Asks: 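I have a structure here, written as structure tokens, and I will follow up with some questions on it.
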Amino acid sequence: MRSPGAARLAAATLVSGLIAAGVLAAAGPAAADGMPQSQGGATATMGGLKTYGTAVIHDGTGKHQVPAGLFEMSVDGGGTLQTYCVDLHNPTQKDAKYHETSWSGTSLGVNKNAGKIRWILQNSYPQVNDLAALAAKAGVKNLTEQDAAAGTQVAIWRYSDSARVDAVDPQAEKLADYLQHSARDLAEPQASLTLDPPAVSGHPGERLGPVTVHTDASSVTVTPPADAATTGVRIVDRHGKPVTSAKDGTLLFFDIPKDTSDDGSPASGTAELTVQASTTVPVGRAFASDSRSQTQILAGSSESTVAATTTATWADAGAIPALSAAKDCAKGGLDITVANKGTEPFTFDLMGAEHTVAARTTRTVTIPLQEDQAYDFTITGPSGHGQRFTGVLDCHTQGSEAGLATQTLSEPSPVTAGGGSGGTDLADTGGTDTTPLLAAIGLSLLVLGATVLSIVHKNRTSRN
């Protein structure tokens, strides 16, 4: 019989091991936490798979049943988004943060069929909520919401992931076939709200800009820099008049006062402008997560809060860089754009290479990254102001490269890693980030078990 001391030690060791494993699990997606680059628009939190049916994926290892349907996300500041997955083989992370992005920063940017996916979205559920009319077009007798969602997702996967996939329900399968064969190329939709460029620079005493507002909202609210009262920085129009609201096409400027620091040294600084609006996000916009959660594409939007920011940097002399970045899946890396409005060249080192941007010129440098590679680096300007860039390069689906490691499900199960109640997270449909963790926990328990047996044996030997 095991002694009480050995039992307590074993229990404490087991709990410590599980806590350590939990820390490792949390550290995975947190590796990309920080300031992910966004072109503006909506930011939302994954709520899970809400309306779905079942599909069967065929690959070299056999047939795999997976839930297929419509996700729901909650928008920061208010609003709801409905999305489909365009990244079948990656998991959906629990409560993952998503931001609206251009196709070029996702797998859609290198997918020649991305336009057909947008056609499917515009011509199926939930954009077409008259299910009887949709059923008639597809040549089926009737459609439930679950069949419509499953059939739409299956048709999208055939184009987004080149997957061999069928819907289990015959009605959903006929809908998927109709959508796939009817799809036509459509252009990428415009962002709900962006500011162009995302960064400007110049000298004190100047108006830095222009920054152009691009939006489908009727109007946007312009929020001046948080420290405007102390710095004197104003947001003005081209005539120098203060601006508090704007619309599509409005030109904004940072009005920087001519000033020096208290000790008489050259003046320098940074400021941030934010604009915000309430609008419906265009169908077909991509949503990406820097926690490596599977990429989504927008199928429907309520009236939602959208926002965008731009920064200004100024100095009296020397190099004055304005820094911005965007993922570029066509080039397989991160495009860093430097607009140097100064009188001297700006040089920075990054990933073992030196880059120089001449005075009064703009240059884009592509930093090559591996697929799924997380990045986190800061570029500091001559005045000491730095810009941090973080994220994960997620440009490819895994179907054509690594095959499908799908867990077969006999029926949809409750959400365990990122869905709402009653749905099934697509983390259950592909190789997930928890697989290494489960293996680590199993190994830890094996070692712990051996440790406990060793302690018990020593105690018995001591008593004997």
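All values reported here derive from a predicted model rather than from experimental measurement.
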Asks: Are D372 and R292 close enough for a salt bridge, meaning some N to O gap below 4.0 Å?
Replies: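 Result for this pair is yes, salt bridge flagged.
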Asks: Kindly compute the distance separating CG (L193) from OG (S278), expressed to the nearest 0.5 Å.
Replies: 11.5 Å
Asks: Identify the two heavy atoms, one from Y52 and one from P67, that lie closest to each other, and give their separation to 0.1 Å.
Replies: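 In terms of heavy atoms, the two residues are closest at CD1-CB, 4.2 Å.
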Asks: Hey, are Y375 and T390 close enough side-chain-wise for a donor-acceptor pair under 3.5 Å?
Replies: no
Asks: Does one side chain, of T274 or T223, offer a donor that lies under 3.5 Å from an acceptor on the other?
Replies: no
Asks: If you look at every heavy atom in A155 and L179, which pair is closest and at what distance?
Replies: CB-CB, 3.8 Å
Asks: Are L252 and T310 packed together at the side-chain level, in the sense that at least one heavy-atom pair is separated by less than 4.5 angstrom?
Replies: no
Asks: Taking side chain as C-beta onward, heavy atoms only, is T83 less than 4.5 Å from I297?
Replies: no
Asks: Are D161 and H89 close enough that some pair of their side-chain heavy atoms sits under 4.5 Å apart?
Replies: yes
Asks: For the CD atom on E188, are there more than 12 heavy atoms of other groups (residues, nucleotides or ligands in this structure) within a distance under 6.0 Å?
Replies: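 Count over threshold, so yes.
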Asks: For a quick test of reading the model, state the closest non-hydrogen atom pair linking W103 to G284 and the distance between them.
Replies: NE1-O, 2.9 Å
Asks: S124 side chain to I120 main-chain N or O, any donor-acceptor pair under 3.5 Å?
Replies: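 No, the answer is negative, given that no donor and acceptor are paired below the 3.5 Å cut-off.
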Asks: Tabulate below the donor-acceptor pairs under 3.5 Å that side-chain atoms of residues 226-245 make, not counting sequence neighbours, or state none.
Replies:
| from | atom 1 | to | atom 2 | distance (Å) |
| --- | --- | --- | --- | --- |
| T230 | OG1 | D227 | O | 2.9 |
| T231 | OG1 | D227 | O | 3.1 |
| T231 | OG1 | V233 | N | 3.3 |
| R234 | NE | D255 | OD2 | 3.3 |
| R234 | NH2 | D255 | OD2 | 2.8 |
| D237 | OD1 | H239 | N | 2.9 |
| D237 | OD1 | G240 | N | 3.0 |
| D237 | OD1 | K241 | N | 2.9 |

Asks: Any luck finding a side-chain donor-acceptor pair between S291 and Q93 under 3.5 Å?
Replies: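 Side chains of S291 and Q93: no pair found under 3.5 Å.
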Asks: Using a 4.5 Å cut-off on heavy atoms from C-beta on, say whether the side chain of V281 contacts that of V306.
Replies: yes
Asks: With sequence neighbours excluded, give me every disulfide (SG to SG under 2.5 Å) pair touching residues 268-332.
Replies: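 Sorted result for residues 268-332: C329-C395.
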Asks: Are the side chains of T305 and T279 in contact, using a 4.5 Å heavy-atom criterion?
Replies: no
Asks: Using 0.5 Å steps for rounding, measure from the CG atom of L88 to the OG atom of S107.
Replies: 11.0 Å
Asks: Check whether any side-chain N or O of T194 sits under 3.5 Å from a backbone N or O of A191 as a donor-acceptor pair, and report yes or no.
Replies: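 Checked: no pair found.
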Asks: If we ignore hydrogens and angles and just use 3.5 Å, is the side chain of Q296 paired with the main-chain N or O of A288 as donor and acceptor?
Replies: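 Not at all, since once roles are kept as given, no pair shorter than 3.5 Å links the two residues.
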Asks: Assess the residue pair M351 and I367 against the criterion (side-chain contact (heavy atoms from CB on, under 4.5 Å)); give the C-alpha distance rounded to whole Å, side-chain angles, the decisive distance to 0.1 Å, and a yes or no.
Replies: CA-CA 8 Å; M351 297 184 69; I367 306 300; 3.0 Å; yes
Asks: Let me confirm one number: the CG-OG1 distance from L251 to T212, rounded to the nearest 0.5 Å.
Replies: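 Spacing of CG (L251) from OG1 (T212) equals 4.5 Å.
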Asks: Are a donor atom and an acceptor atom from the side chains of T347 and T356 found within less than 3.5 Å of each other?
Replies: yes
Asks: Should R285 and E100 be marked as a salt bridge (charged side-chain N to carboxylate O under 4.0 Å, His left out) after you check the CA-CA gap, both sets of side-chain angles, and the distance that decides it?
Replies: CA-CA 7 Å; R285 288 296 290 171; E100 182 182 342; 2.7 Å; yes
Asks: Please examine the side chains of S201 and W314, heavy atoms only from C-beta on, and report whether any two atoms are closer than 4.5 Å.
Replies: no
Asks: Using a 3.5 Å distance criterion without hydrogens, assess whether the side chain of Q387 forms a donor-acceptor pair with backbone atoms of S324.
Replies: no
Asks: Under 3.5 Å, is there a donor on one side chain and an acceptor on the other for D248 and T215?
Replies: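 Note: D248 and T215 side chains miss the donor-acceptor criterion.
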Asks: How far does OG of S160 sit from NZ of K116, to the nearest 0.5 angstrom?
Replies: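 Atom-to-atom, S160:OG and K116:NZ are 13.5 Å apart.
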Asks: Take T311 and E272 through the side-chain contact (heavy atoms from CB on, under 4.5 Å) test and state the conclusion after the steps.
Replies: CA-CA 4 Å; T311 59; E272 183 178 86; 4.0 Å; yes
Asks: Show your working on side-chain contact (heavy atoms from CB on, under 4.5 Å) between L81 and E72 and close with a plain yes or no.
Replies: CA-CA 6 Å; L81 305 178; E72 188 173 288; over 6 Å; no
Asks: Can you list the steps and then say if S293 with Y98 is a side chain to side chain donor-acceptor pair (under 3.5 Å)?
Replies: CA-CA 9 Å; S293 189; Y98 280 81; 2.8 Å; yes
Asks: Measuring only between side-chain heavy atoms, which start at C-beta, is P282 closer than 4.5 Å to S192?
Replies: yes
Asks: Could you grab the distance from atom OG1 of T378 to atom NE2 of H385, nearest 0.5 Å is fine?
Replies: 14.5 Å
Asks: Taking D328 for the side chain and K331 for the main chain, is one N or O donor matched with an acceptor at less than 3.5 Å?
Replies: yes
Asks: Please evaluate residues D76 and K97 with respect to the criterion salt bridge (charged side-chain N to carboxylate O under 4.0 Å, His left out), reporting the C-alpha separation (whole Å), side-chain torsions for both, the decisive distance (0.1 Å), and the verdict.
Replies: CA-CA 10 Å; D76 293 0; K97 278 286 187 182; 2.8 Å; yes
Asks: Go through the steps for T280 and S301 under the test side chain to side chain donor-acceptor pair (under 3.5 Å), then give the verdict.
Replies: CA-CA 5 Å; T280 56; S301 167; 5.5 Å; no
Asks: What's the shortest heavy-atom distance between Y84 and G69, and which atoms?
Replies: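 Heavy-atom minimum between the residues: CD2-O, 3.3 Å.
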Asks: Does the pair D290/K327 count as a salt bridge with the N-to-O cut at 4.0 Å?
Replies: yes
Asks: For residues Y125 and L70, report the shortest heavy-atom separation together with the two atoms involved.
Replies: CE2-CD2, 4.0 Å
Asks: Could you check I256 against E206 for side-chain contact (heavy atoms from CB on, under 4.5 Å), going step by step and ending with a plain yes or no?
Replies: CA-CA 6 Å; I256 311 299; E206 298 178 344; 6.0 Å; no
Asks: Without hydrogens or angle criteria, can the side chains of D316 and H203 be said to hold a donor-acceptor pair below 3.5 Å?
Replies: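 Note: D316 and H203 side chains miss the donor-acceptor criterion.
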Asks: Is any side-chain heavy atom of T362 less than 4.5 Å from a side-chain heavy atom of N340?
Replies: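 No. Closest side-chain heavy atoms not under 4.5 Å.
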Asks: Does A68 offer a backbone N or O that forms a donor-acceptor pair with the side chain of W157 under 3.5 Å?
Replies: no
Asks: If you round to the nearest 0.5 Å, how far is CG of L323 from CD1 of I336?
Replies: 8.0 Å
Asks: Which residue pairs satisfy the salt bridge (charged side-chain N to carboxylate O under 4.0 Å, His left out) criterion with at least one member in residues 341-368, sequence neighbours excluded?
Replies: none
Asks: T45 and D95: which non-hydrogen atoms are nearest, and at how many Å?
Replies: CG2-O, 3.7 Å
Asks: Regarding K247 and S219, do their side chains bring together a donor and an acceptor under 3.5 Å, going by distance alone?
Replies: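 There is no such pair (donor and acceptor under 3.5 Å, judged by atom type) between the side chains of K247 and S219.
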